[in-house]
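Written out below as structure tokens is the structure these notes cover.
As the structure lists them, so they are numbered: ligands from 1, and atoms in each ligand from 1. Heads up: numbering here begins at 1 and tracks the sequence.
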Amino acid sequence: MKKSIKEYFVPWIKPLKMYVSNHIDLAWKKPSLHRMMSNENPIPPSAKVLKTIKKYSAIANRYPDQGIVIRSKIAKMNGLDGPENVVLGNGSSEIFDMIYRSFLQPGDQVIQQTPCFGIYKLRTVLLGGEIVSVPMIYKNNKMFYDVDAILRATTDKTKAITIANPNNPTGDFMETGDFVRLAKTGIPFVIDEAYIEYAGLKKSQVALIKKYKNVIITRTLSKAYGLAGLRLGYLLADKEVAMKIAATLLPWNVGTITMWAALTALEDKKSLGKRVKFNNEQVAFIEKSLSKIPGLVVFPSSANYVLFDAAPAGKNGKEIIEFCQKKGIILRAISSSKHKIEGWFRVTIGSKKENQLFVKTIKEFFSK
Ligand SMILES: Cc1ncc(COP(=O)(O)O)c(C=O)c1O
């Protein structure tokens, strides 16, 4: 008997839908809105990057190579042997996909802490895997990583632990000793360092790779380097591990223009320094300006966003997000199945003017 096409889909894809970032679509539709929701960089690419984009767009008829030059550069920047320690992805989102594909079979588990970046879950369930969310501890107006709970949550089915450092949306770092405890489990341990450059590579856990073969570091050029639209992410790992994960690579996943423009950005330390300085000053401005509001919890951030909890001030995060949107600012709501999140909202650092507008708008909301 002829079966319907629906029956041919693998069972775990049946309940899934295409992932749509409504807030990003809205921002593209209405360019007058202030994009303070996706942790993008407000500073456009440098003149040097634009020059490289132009140069390589003239040979866009050619397929890219495997990015040996940029992979060598990345390895050197991180004190690793060479390109075999590095795998490139179409953004680090694709890197998570490659890692989970390499380790998971249907029914296997990935442990994450919550709240965190949503892609870990999306790419896990797509493989028929299960995401196990371990809540961070919310205490004394701060969020803490709960490593004991993560260790307790590990089972024979755990095929990856993923921790963002600093975490999105909480903005904080986990202690090095805790990384070692998780590395020692031997379970593939993915440390997502998407925002590491804002605090500097000295905060990276990349040195663990040399001691623990199960440690994999992920990075992106979407944040401090300001190239979110070009899509370049990478992983750093032991050679053998990296080259095994590379077997999942979709050939030519990173285009010529992207990889050479990214190399230019990596080489331009001055431009990165400028972006980081601007960001960190603006984080301090927002944190200082709004920490004066009684009852508003401002979580200290080492990245390009700041998380708030307005509940202790008796306010609702959703109402604040709606209020800001009426004033032309798009913010991001936070999801965590394990916390009371009514008061939470997150802002991404924008231009100086946008940050001033955000502060003014929040003050206005609280004075209502
Ligand atoms: C923690 C974290 N990791 C990774 C990413 C993904 O970045 P991309 O796919 O642009 O490299 C993001 C994006 O917001 C993020 O917040």
Side-chain angles (χ1 to χ4, degrees), residues 19-25 27 35-42 45 67 70 74 86-100 110-124 126 131 133 136 143 145 160-174 189-199 203-205 216-236 250 253-255 258-259 261-262 265-266 275 279 283 299 301-307 330-336 344 346-350:
Y19 175 72
V20 180
S21 312
N22 287 322
H23 48 287
I24 295 182
D25 285 4
R35 305 171 67 122
M36 303 183 82
M37 72 303 177
S38 296
N39 302 347
E40 296 164 336
N41 197 312
I70 184 171
I74 291 169
V86 183
V87 180
L88 302 181
N90 198 279
S92 58
S93 296
E94 190 186 38
I95 294 285
F96 302 117
D97 191 70
M98 291 186 216
I99 296 171
Y100 298 155
V110 172
I111 299 180
Q112 65 175 16
Q113 43 144 43
T114 187
C116 69
F117 182 47
I119 296 286
Y120 316 141
K121 179 175 178 184
L122 293 174
R123 305 320 292 180
T124 296
L126 185 65
I131 198 87
S133 293
M136 293 182 88
M143 296 291 277
Y145 293 81
I161 299 171
T162 306
I163 299 283
N165 194 53
N167 185 42
N168 171 15
T170 50
D172 47 352
F173 283 107
M174 192 165 91
F189 180 21
V190 185
I191 305 174
D192 176 357
E193 296 187 342
Y195 301 92
I196 199 76
E197 292 87 0
Y198 290 113
K203 292 290 279 183
S204 170
Q205 297 298 332
I216 302 162
I217 305 280
T218 65
R219 302 255 183 86
T220 180
L221 271 80
S222 299
K223 308 300 177 182
Y225 286 100
L227 298 178
L230 276 183
R231 312 301 303 133
L232 191 107
Y234 60 91
L235 70 75
L236 305 169
L250 189 70
N253 63 334
V254 175
T258 295
M259 65 170 77
L266 290 173
R275 286 155 202 276
N279 178 78
V283 168
F299 295 93
S301 174
S302 300
N304 69 343
Y305 46 84
V306 182
L307 178 68
I330 319 178
L331 298 182
R332 195 72 203 273
I334 302 301
S335 66
S336 168
W344 293 12
R346 187 195 71 191
V347 66
T348 299
I349 299 305

Heavy-atom check, side chain of [X] versus side chain of [Y], under 4.5 Å:
X    : Y    : answer
L88  : I74  : yes
R219 : S204 : yes
N39  : Y305 : yes

Is [X] close to ligand 1, meaning an N/O of one under 3.5 Å from an N/O of the other?
X    : answer
Y120 : no
S38  : no
R231 : yes

Starting from [atom], find the nearest protein heavy-atom neighbour and note its residue, name and distance.
atom                    : result
atom 7 (O) of ligand 1  : S92 OG, 3.4 Å
atom 14 (O) of ligand 1 : K223 NZ, 2.8 Å
atom 9 (O) of ligand 1  : S93 OG, 2.7 Å

When you check the side-chain N and O atoms of T162 and Y100, is any donor under 3.5 Å from an acceptor? yes

Test log, rule side chain to side chain donor-acceptor pair (under 3.5 Å), inputs D192 and Y120
CA-CA 10 Å; D192 176 357; Y120 316 141; 2.6 Å; yes

With heavy atoms and a 4.0 Å threshold, my read on which part of A194 contacts ligand 1 is side chain

Looking only at non-hydrogen atoms, the one of T220, I119, D192, N90 nearest atom 1 (C) of ligand 1 is D192

Closest to atom 5 (C) of ligand 1 by heavy-atom distance, out of Y234, F117, Y195, is F117

By side-chain contact (heavy atoms from CB on, under 4.5 Å), E40 pairs with (sequence neighbours left out) R35, S38

side-chain contact (heavy atoms from CB on, under 4.5 Å) filter on S222, not counting sequence neighbours, yields T220, A228, R231

Of all heavy-atom pairs linking P169 and L307, the shortest is O-CB, 3.3 Å

Looking only at heavy atoms, the pair that brings N90 and N253 closest together is ND2-O, 3.0 Å

Does E94 have a non-hydrogen atom less than 4.0 Å from ligand 1?
no

Does at least one non-hydrogen atom of S222 fall below 4.0 angstrom from an atom of ligand 1? yes

The atoms of ligand 1 lying under 4.0 Å from a heavy atom of G91, numbered in the order shown, are 9 (O), 11 (O)

Ligand 1 atoms nearer than 4.0 angstrom to some heavy atom of N168 are 1 (C), 15 (C), 16 (O)

